[in-house]
Amino acid sequence: MLATVGIMVRLPSRQPPMLVSQRTWDMFRYFVRRVLQGVLTFFGATFIVYALMFANQDDPLQALAGERPLPDNVRQVLTERYHLDEPFIFQYGHYMRGLLTGDFGISLTNRKISEMMEQAWPVTFRLAVYALIIAVLVAVTAGVVSGIRRGGPFDTVTLFITLILLSLPIVVLAPLARLLFGVQLGWFPPTSGAEPGLYQLTLPAFVLASLVVATQLRVTRASVAENLRSDYVRTARAKGLSKRRVIGVHVLRNSLIPVVTLIGLDLGGLMAGAIVTESVFNIPGVGFNLFRGIRTEDGPLVVGFVSILVIVFLVVNLIVDMLYAVLDPRIRYE
Amino acid sequence: MTDIKAEIDVLPGLDSSARLLEVEDLHVEFRTQAGVAKAINGVNLGLDPGETLAILGESGCGKSVTAQAIMGILDSPPGFVTGGEIRYRGVDLLKLSEQERRKVRANHIAMIFQDALSALNPVFSVGFQLGELFRIHRGMSRQDAKRRSIELLDMVKIPAARQRINDYPHQFSGGMRQRVMIAMALALDPRVLIADEPTTALDVTVQAQIMSLLAELQRERNMGLILITHDMGVVADVADRISVMYAGKVVEEAPVLDIYAKPAHPYTKALLESIPRLDLKGQQLNVIKGLPPNLTRIPAGCPFHPRCAYARDVCRADPPPPQYDVAAGRTARCHFWTEVVGDEPAVK
Amino acid sequence: MSNVESVAQTQAGANGGAGDERAEKPRSLAGDAWQDLRRNWIFWAALVLVVLVVTMAAFPSLFTSADPRLCQLSRQHAGPSGSAIFGYNFQGCDVYARTIYGARNSVLIGLTATIISGIIGLVIGMAAGYFGGWVDAVLARGIDIVLGIPTLLGAIVLARRLTSDPESSGFWAVALTLGVLTWTTAARIMRSSVISAKQQDYVAAARMLGAGHARLMIRHILPNAAAPFVVVLTILLGINIATEATLTFLGVGLRGNAISWGIDIAVASPFVRETATPLVWPSVFLAATVLAFIMLGDAVRDAFDPRLR
């Protein structure tokens, strides 16, 4: 694997230095290895995003501006700003340098993208964390119960509900939920307003959570069911441990491992869902801005925001992988 | 160092003059979609302190099920104990509540399993899994539990115990892992140890080491050992008595030397004759023809009759053969055991 | 091995042996799976739905004689009348007719995208699994990179890029976008199936008989690696249909004159307070279609999973 990176990088040796425990050192080596992998993925993904927008275009400026006509003086300014008179690979270089120094460019509405991101970020972050907490709580508890009593009534009903949730596209669920719970029943405000608090974010958070709760529940259920049949469960019972401890400590720890890795991937789905959810509920977050950028054909905005989101996705996945290594010691020694 | 073993030991009705372990007329069945499988049909066993009883038989004969029934860790459903008594020092375990039975496990009767890699929890360190016993059953602090765990690893002769205590199961070799399992089982000083095929997954040389470790620990503690295996070679060195099981019944029970010299049941005889021997190289291997019966449809009469060379009409009809007394301390469930004992073995 | 399994094994062994008059067929995984599927009402329900939707897509005239493009503003938001059982939408179009005809675009795009996805996934997964070594390492990194771009985000960027002609409906742009971004799961499944199939004895035997790489891959390994791959594709079909609707809703999918559920939902959303039916009916059809494909794939996968016995 390291050979494909093309760099002669050597992992730190297996022997820990003085005063560092073997365990900590193993985790550190694993971390280094993952970061090296992540670096490659990072460059590859951002390159693809960039290339998708700008490579080989006859008139990239017109593409940036969409269908609006472009006067010559504006064209001149933009050409300089985006280094369009230079070869493509240099353009990419400028873009990357910008990314790495936090300069994400300027939107067609003449606002700094990094500023727009700073403003929009907190709301979306709160919404996403809220949604994730709801999803994990529901999915893990229901998943464990379903896994223990597979085929029982709770399990059948839960599976059915998750199936429905899995297949309801967010474009169906968000407007319908808003219609039912916001407009008709009036339980939650249909629009969240400028500084949404927990109450205003509840309905959108539930809608967003529904995107990921179905797969998380199914994975938990399958994992619990499989682990309950493991040999170590029999050993734990033979040790005279209570059923609560056997399931709550031994089985759960093993069962949660695939769920944790799933959470990292789920973040991608959450980001995508946030675009629709925020626009349906009028939440002034990242997704809302991105949606507006798409609608107004603001190329730099779209590319900037998407790049940032990709970076966030990769970083979160790195964290999730580290968490995975903490939970499953077998991984650290590959 | 806290040690409240004295309180834990008080199980109501324990009688130190009664036999250490006694299984009487045990019946276990499995209710599955394909029918009710009668896994155990009237098994009788007995064990004294310091004694090693080997339970021998093919896969599916019910040996592991018996062990699990004694421990009370049958998968239930679909497994159910439908009759009999399991008396530990006079107390019928089957009549105890689940909470009381939990106290018996690991404290009085412990068990080790075949494949230590899957039998140990992969995500917890060995120290955690050992220490758990002390913390839960004895209320010890983490420190004390850890210290005792290191002592345990020393006891089973794992080198560098202090460093290894934090390692995970997959970081040990097969033999080492089995030693960890033994340490875990003996942590709370039980009176009975059940070993379910402890060496089947190991190399031959490691097998010998593990068996000798078990023997040594048993001697030191005057513990009763039940050894479950299908490998007659392992048994000869270690066991005092052997119970041979077939289709959920004990078909022969005898001291080890007597069984090897003169088996009293056709099944035992066939098993002995099927052991490949180096001095008979070049000749055809003896196999027992046929297959073990479908436990949902056990044949009437003696369950072995379809595969038995001595079978006659009386064997094919109910009632099945009772336990005949062959000699002091020997029984056999065969109408024609005298013939079996009298016959010369097919191969010397 | 658990008790039940060893008991079951003894039964299975004994069935062919002593004392059984009835000759029982040897059990295979496919045979067992079919037995399970036959009794699973979810499988049948999903199958019926899928057939229904596909028929709707292929022969819409079987379901309605109305013309979905015949829109009269005078009938804006009118209620049901005559054959227009779902009423009329904002533009005065027959909602029922549009919903029926909308099936074609959704199903076709989903199908096309999934086929593209399947081909890419097959090639990459097979190559990575079969050749191993540095080929696998490189391809695995490629998979990681594509995985690093969340599907919807990548689709937003790519679909815009591909629809240069404002007149076109964007069918191929969307289909290609989805195909190019969603092949990763299929590739991973194929890769692991190929790796385990590769180690089987019959592959070694074929190689010793002189079979070349291509022959080994196609005739020997592929048939055995195909089942989970196809299941993943079935589920992917449902997901792609949903994603297309999302893209269209956001404005980067199908556009213009195309008839699609996504467009109908997007158009009807702002007017939901006046009349909900132009929103509700395409939503229901979309959800039911996606549900049907996912349920089908799910049922088949569960039936083939030996660990769930």
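Residue numbering restarts at 1 for every chain, and letters A, B, ... go by the order of the sequence lines.
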Between [options], which has the largest tally of heavy atom pairs under 4.5 Å with chain A?
options	answer
C:T246, C:I294, C:I265	C:T246
C:L152, C:V146, C:T248, C:I241	C:L152
C:I149, C:L250, C:I239	C:L250

| message | Ring-plane angle category for A:F160 and C:W41, please: parallel below 30°, perpendicular beyond 60°, tilted otherwise. | response |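 Ring orientation of A:F160 relative to C:W41: tilted.
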### Task
Select one option (side chain, backbone, both, neither) describing which atoms of A:L290 are under 4.5 Å from chain C's heavy atoms.
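It is the side chain, since no backbone atom gets that close.
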Can you name the closest pair of heavy atoms from [X] and [Y] and give their distance?
X	Y	result
C:I145	A:G44	CG2-C, 3.5 Å
A:I275	C:I156	CD1-CD1, 3.8 Å
A:V310	C:P150	CG2-CD, 4.3 Å

**Inter-residue atom distance C:M295.CE - A:I164.CD1, 0.5 Å rounding** =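 It is 8.0 Å, given to the nearest 0.5 Å.
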Next on the checklist: For the CZ atom of A:F313 and the CG atom of C:L153, what is their distance to the nearest 0.5 Å?
Outcome noted: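 Going from CZ on A:F313 over to CG on C:L153, the span is 9.0 Å.
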* Residue by residue, which of residues 279-292 of chain C have a heavy atom closer than 4.5 Å to a heavy atom belonging to chain A? ->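 Within residues 279-292 of chain C, near chain A: C:L279, C:V280, C:S283, C:L286, C:A287, C:V290, C:L291.
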Discussion item. So for C:D136, is it side chain, backbone, both, or neither that comes closer than 4.5 Å to the heavy atoms of chain A?
Written reply: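 Neither part; nothing is under 4.5 Å.
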**Item:** side chain to side chain contact (heavy atoms under 4.5 Å, CB included) partner of C:D144, the single match among A:T41, A:L314, A:N317, A:L40
**Value:**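 Answer to the side chain to side chain contact (heavy atoms under 4.5 Å, CB included) test with C:D144 among A:T41, A:L314, A:N317, A:L40: A:T41.
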- Message: Going by the rule side chain to side chain contact (heavy atoms under 4.5 Å, CB included), which residues pair with C:L147 if we only count those two or more places apart in sequence or in a different chain?
- Response: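 Applying side chain to side chain contact (heavy atoms under 4.5 Å, CB included) to C:L147 gives C:I143, C:T184, C:R188.
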